[in-house]
Protein chains: 2
Amino acid sequence: MVQFSATARLDASFAALSDATRRGVLEQLARAEASITDLAARFHMTLTGMKKHIQVLERAGLVVTEKIGRVRTCRLGAQGLADEAAWIAGYHQLWNARFDALDQVIAELKAQENLDEPERH
Amino acid sequence: MVQFSATARLDASFAALSDATRRGVLEQLARAEASITDLAARFHMTLTGMKKHIQVLERAGLVVTEKIGRVRTCRLGAQGLADEAAWIAGYHQLWNARFDALDQVIAELKAQENLDEPERH
DNA sequence: TGAAAACTGAACCATATGGTTCAGTGTTAG
DNA sequence: CTAACACTGAACCATATGGTTCAGTTTTCA
C-alpha cells in the first residue's frame with residue numbers, strides 16, 4: 001500500500017497507461033532494460049519524443065532511470081502497478097458479481113499478486 | 001479470455017480512469033444508477049461539465065446511458081474493466097518474470113563469481 | 001397554458017499532450 | 001584531438017482536456 005496522495009499518483013499512472021507507445025515501453029522494459037535511443041528506434045520516433053514518454057512514465061513512478069556516461073538506462077519502477085490493480089479490484093468489489101468475465105480476470109490478478117508481491121521492493 | 005491488444009479501447013478507458021472525478025463517478029454508479037444532474041451536484045460542477053465526463057466514460061465503454069423523458073440515466077457498461085485488468089495482469093506476469101530472471105542471475109553470480117557473464121535477456 | 005427542470009450544443013478559455021526540429025552539452029572511441 | 005554518439009532543452013505546432021457560460025429544446029407538472 002502506498003502512503004502519498006493516492007489520487008494524484010493514480011491520475012498520473014492511468015494517464016501514463018492511456019498511450020499505446022507507453023504501454024509498449026513498459027512491456028519492453030519488463031523484458032529487458034533499455035536506453036532511450038533503443039526505445040526510440042524500436043517505437044519509430046525521435047529521441048526527444050521518446051524522452052518525453054519516459055518522463056511521463058517516470059513521473060508516474062512506473063519507470064526509473066539512471067544515467068551512466070552518456071547513456072540513460074530505463075528500468076521498471078519497483079512500485080509496479082499495484083495501486084492501479086488495487087483500484088480496479090476495489091471498484092470491482094462495489095460492483096458485485098454481475099459479470100463473470102471481470103470476476104475471472106480479477107481472480108487471476110489477485111492470485112498473481114499474492115504469489116509474487118512479498119519483499120520484492 | 002479477454003483480448004490483449006484492443007489498443008484503441010485501452011487508450012480510451014485508461015484515459016477515462018486518469019481523472020479522479022470520473023473514477024468517482026464509476027464508484028458512484030457501481031452503487032446506484034444516476035442522472036447527469038445527480039452526478040453534477042455530487043461532484044460540484046455544472047451539468048455541462050458532467051455531461052462531458054459521462055461522454056468520455058461512454059466512449060470508453062465504461063458507462064451506458066439511456067434517455068427517458070427529459071432525464072438521461074447513467075449506468076455501468078457491461079464491459080466493465082475486464083480488458084484493463086487483463087492488461088495489468090499480463091504486465092504483472094512480465095514484470096515478475098523479469099525479477100525472477102534477475103534473482104537467478106544474481107544467484108549464479110554469487111555461486112560462481114569468477115566465471116564468464118551469464119546471458120540474460 | 002406556462003414555468004421550471006433536464007438536458008444539449010456551441011463557443012470560449014487555459015493548459016496539457018504528443019509529436020517535431022534545431023541547437024546545444026557532455027562522453028566515448030578511434 | 002576529433003568525430004560521432006547519447007542525451008538535453010527550447011521552441012513550435014496541432015489537437016485534446018477540463019472546465020466555464022449562454023442560448024436553446026424537450027418534457028413535466030401545477
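A, B, ... follow the sequence lines: proteins, then strands. Residue 1 opens every chain.
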Notebook entry, point to check: Taking only residues two or more places apart in sequence, or in another chain, which ones meet E33(B) in a salt bridge (charged side-chain N to carboxylate O under 4.0 Å, His left out)?
Noted result: R75(B)
Item checked: Residue pair A16(A) / A60(A): nearest heavy atoms and the distance that separates them -> CB-CB, 4.1 Å
Next item on the list: State whether the side chain of R22(A) and the backbone N or O of A15(A) hold a donor-acceptor pair below 3.5 Å, judged by distance alone.
Entry: yes
Notebook entry, point to check: Taking all non-hydrogen atoms of both residues, which atom of R23(A) and which atom of T7(B) are closest, and how far apart?
Noted result: NH2-O, 3.3 Å
Margin query: Tell me whether the side-chain N/O atoms of K51(B) come closer than 4.0 Å to OP1 or OP2 in dG9(C).
Written below: yes
Next item on the list: Please state how far atom CZ in R70(A) lies from atom C1' in dA6(D), giving the value in whole angstrom units.
Entry: 6 Å
Notebook entry, point to check: What's the CD1-C1' distance between I36(B) and dT8(C), to the nearest Å?
Noted result: 9 Å
Next item on the list: Return the set of residues passing side-chain contact (heavy atoms from CB on, under 4.5 Å) with T65(A) (not counting sequence neighbours), or none when no residue passes.
Entry: I54(A), E58(A), V63(A), R72(A), C74(A)
Next item on the list: To the nearest Å, give me how far apart CD1 (I68(B)) and C1' (dA5(C)) are.
Entry: 16 Å
Notebook entry, point to check: Phosphate oxygens OP1/OP2 of dT8(D): is one of them under 4.0 Å from a side-chain N or O of R72(A)?
Noted result: yes
Margin query: What is the distance, to the nearest angstrom, from the CD atom on E66(A) to the C1' atom on dA6(D)?
Written below: 15 Å
Check: Can you give one letter per nucleotide of nucleotides 16-21 of chain D, going 5' to 3': B for a protein heavy atom under 4.0 Å from the base, S for sugar-phosphate only, - for none?
Finding: --BBBB
Margin query: Looking at A8(A), is its backbone amide N or carbonyl O close enough to the side chain of D11(A) to form a donor-acceptor pair, meaning the two atoms are under 3.5 Å apart?
Written below: no
Item checked: Separation of dA5(C) P from K67(B) NZ (nearest whole Å) -> 16 Å
